[in-house]
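All remarks here apply to the structure that follows.
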Amino acid sequence: MVSLFLNFVREPPKFVCSVILFAFAALLCSFSACWAQGGLPPAANRVSGAPHTDSKTFRILRPGTMSIIARDPQTGELGVAVESHYFSVGPVCPWAEAGVGAVATQATAEPLYGQLGLEMMRYGKDAPAVLKALLAADSASKTRQVAMIDARGNVAAHTGSRITAAAGHLTGKNYSVQGNTMSSEKVLARAFEQKTGDLADRLLAALEAGQEAGGDIRGQQTAAIIVVSGTSTRRPWKDRIFDLRVEDSPQPITELKRLVRLQRAYRLAFKGDDSVSEKNWDQAINSYRKAVELAPEKEELRYGLATVLLQAGRDEESLPIFQQVFREHPIWVEITKRNVISGDLPNDPTRIQRVLDQAVVGDRK
């Protein structure tokens with residue numbers, strides 16, 4: 001009997017895992033006092049003297065106004081983007097896991113929809129079945145707005161009957177957009193279908209379209225985006241292509257777009273570093289050039305390009321870049337000296353002196 005039990009624990013049947021998760025969801029949704037759920041004690045469940053004894057989840061500050069979940073059928077990438085008048089929406093609303101699915105939980109947001117939703121999809125349940133089961137276990141489902149998509153593109157969405165208007169959701173092939181506390185239902189635009197580009201571009205386009213249509217009636221404040229790979233490497237840090245948050249800003253979507261641009265640039269730089277390790281100089285230089293084109297304001301990317309050119313033996317091309325960086329940010333002269341000691345630059349006194357001389361040339365200009 002003990003052996004049978006241990007085998008069961010090590011490799012439980014999938015249907016049993018689902019049953020356990022459903023029961024766990026029911027237990028937590030019934031008794032959770034999660035801060036996002038707002039489990040106020042009965043005595044405190046009132047505003048301005050008006051009792052709200054019929055609501056276990058009353059909150060003035062409700063995270064999540066407009067969001068989109070989507071899957072790229074070409075790459076299998078999954079993503080979520082959200083914008084709201086709320087502080088730090090990123091840790092609450094968007095959830096995604098490579099090769100599994102994505103979830104947006106908002107209005108009276110309950111992060112368990114994200115955690116348990118992904119867990120159930122990981123065990124093979126499709127998004128509609130998962131959402132149905134979790135809603136059935138949630139006594140506060142009328143106050144929730146939730147959308148889910150699984151790795152096969154199945155979509156499910158729910159807008160409770162007790163959510164601040166204007167509220168609703170719009171589902172399409174491989175995506176769902178949803179919103180509450182919107183200026184009007186026009187915010188639920190089909191921009192995702194109309195835009196081209198990769199998944200991150202299209203998610204951002206959907207947020208921009210929603211904002212242009214009026215967005216959150218309270219205004220802008222916070223935004224977030226998560227994009228994960230189509231298949232899992234079992235290394236989440238590698239599977240997350242974008243995981244960016246704007247906690248508080250008068251223009252959060254604009255700031256989020258800037259961060260996405262920078263993420264693309266730094267990913268190219270990291271790719272360039274990998275090519276340097278393989279001594280594939282042409283590919284390394286090409287990657288760094290593209291990174292600099294995307295984010296020319298980041299001096300470390302320009303310095304990185306100059307460094308790769310020097311390592312590749314293309315000194316004459318590197319010197320003008322070193323000169324510009326040294327002139328704008330003199331601290332890189334000291335960093336250059338340290339990089340020789342660490343082995344990140346060639347330990348060739350003549351060549352390195354030519355590099356350091358660019359600081360003097362730059363000062364004369």
Side-chain angles (χ1 to χ4, degrees), residues 75 77 98 197-201 204 225-229 233-246 254-365:
T75 64
E77 291 175 356
D198 63 16
L199 185 58
D201 282 336
L204 291 171
I225 185 171
I226 300 176
V227 176
V228 296
S229 302
T233 64
R234 297 184 181 274
R235 289 178 288 179
W237 59 93
K238 295 197 68 174
D239 295 338
R240 288 188 172 240
I241 302 170
F242 296 99
D243 186 0
L244 300 168
R245 302 169 180 175
V246 178
T254 300
E255 177 63 7
L256 192 61
K257 288 180 66 178
R258 185 184 76 88
L259 295 178
V260 166
R261 174 176 62 82
L262 291 182
Q263 179 73 73
R264 294 187 193 279
Y266 282 99
R267 284 177 66 86
L268 283 166
F270 298 153
K271 181 180 178 181
D273 289 344
D274 291 339
S275 297
V276 168
S277 299
E278 300 168 356
K279 299 192 182 302
N280 188 337
W281 301 114
D282 288 341
Q283 187 168 304
I285 292 168
N286 184 54
S287 293
Y288 262 98
R289 286 197 192 282
K290 289 180 178 179
V292 170
E293 289 173 4
L294 274 175
E297 73 274 25
K298 295 300 180 182
E299 77 273 6
E300 64 266 30
L301 297 179
R302 287 182 281 133
Y303 181 85
L305 173 59
T307 297
V308 173
L309 286 166
L310 188 72
Q311 289 175 315
R314 294 164 64 168
D315 296 25
E316 297 305 320
E317 293 179 64
S318 74
L319 296 178
I321 304 174
F322 279 120
Q323 182 185 126
Q324 182 186 37
V325 172
F326 292 162
R327 183 173 67 248
E328 296 174 1
H329 306 277
I331 192 61
W332 288 95
V333 176
E334 175 61 26
I335 294 173
T336 299
K337 297 175 183 177
R338 298 183 184 189
N339 284 345
V340 174
I341 297 172
S342 68
D344 293 313
L345 284 175
N347 189 9
D348 184 323
T350 301
R351 295 175 68 199
I352 293 301
Q353 189 58 53
R354 288 191 70 197
V355 170
L356 296 176
D357 287 344
Q358 301 309 306
V360 179
V361 173
D363 286 341
R364 290 174 181 169
K365 291 190 174 183

* Working for side-chain hydrogen bond (donor to acceptor under 3.5 Å, both in side chains), residues T233 and D239 -> CA-CA 7 Å; T233 64; D239 295 338; 2.8 Å; yes
* Verdict with reasoning, Q263 to L259, per side-chain contact (heavy atoms from CB on, under 4.5 Å) -> CA-CA 6 Å; Q263 179 73 73; L259 295 178; over 6 Å; no
* Verdict with reasoning, R338 to E334, per salt bridge (Lys or Arg N to Asp or Glu O under 4.0 Å) -> CA-CA 6 Å; R338 298 183 184 189; E334 175 61 26; 3.0 Å; yes
* Verdict with reasoning, V355 to L319, per side-chain contact (heavy atoms from CB on, under 4.5 Å) -> CA-CA 6 Å; V355 170; L319 296 178; 4.0 Å; yes
* In sequence, state the C-alpha distance, the side-chain angles, and the governing distance for R354 and D348, and then conclude on salt bridge (Lys or Arg N to Asp or Glu O under 4.0 Å). => CA-CA 10 Å; R354 288 191 70 197; D348 184 323; over 6 Å; no
* Are I285 and R314 close enough, and set up right, to give a side-chain contact (heavy atoms from CB on, under 4.5 Å), and what steps lead you there? -> CA-CA 10 Å; I285 292 168; R314 294 164 64 168; 3.2 Å; yes
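Of all non-hydrogen atoms in E77 and L199, the two that sit nearest each other are O-CD2, 3.5 Å. Of all the heavy atoms in E297 and R302, the pair that sits closest is O-NH2, 4.4 Å. For the residue pair L256 and L244, the shortest heavy atom distance occurs at CD1-O, 3.9 Å. Shortest non-hydrogen contact noted between Q311 and P346 is CG-CD, 4.5 Å. In this structure, V308 and A284 approach most closely via the heavy-atom pair CG1-CB, 3.9 Å. R240 and D243 get closest at one heavy-atom pair: NH1-OD2, 2.9 Å.
Contact check on R327 versus E299 returns no salt bridge, with no Lys/Arg side-chain nitrogen under 4.0 Å from an Asp/Glu carboxylate oxygen. Ion pairing between a basic and an acidic side chain is recognised when a charged N comes within 4.0 Å of a carboxylate O; E255 and R258 show such pairing.
Taking CG from L310 and OG from S318, the interatomic distance works out to 4.5 Å, rounded to the nearest 0.5 Å. The distance from atom CG of N286 to atom NZ of K271, rounded to the nearest 0.5 Å, is 8.0 Å. Remark: K290 NZ to L305 CG distance equals 13.5 Å, nearest 0.5 Å. With values rounded to the nearest 0.5 angstrom, R264 atom CZ is found 4.0 Å from D198 atom CG. In this structure, CG in L204 is found 7.0 Å from NZ in K257, a value given to the nearest 0.5 Å. Between the OG1 atom of T307 and the CG atom of L345 there is a distance of 5.0 Å, given to the nearest 0.5 Å.
The shortest distance between side-chain heavy atoms of D273 and Y288 falls below 4.5 Å. The shortest distance between side-chain heavy atoms of V228 and I241 does not fall below 4.5 Å.
With R267 contributing its side chain and F242 its backbone, the two residues share no donor-acceptor pair below 3.5 Å. Side-chain N or O atoms of R261 include one that pairs as donor or acceptor with a backbone N or O of L294 at under 3.5 Å. With hydrogens and angles ignored, the 3.5 Å screen pairs no side-chain donor or acceptor of Q324 with any backbone N or O of P320.
Between F326 and Y303, the ring-plane angle classifies as tilted under the 30° and 60° cut-offs.
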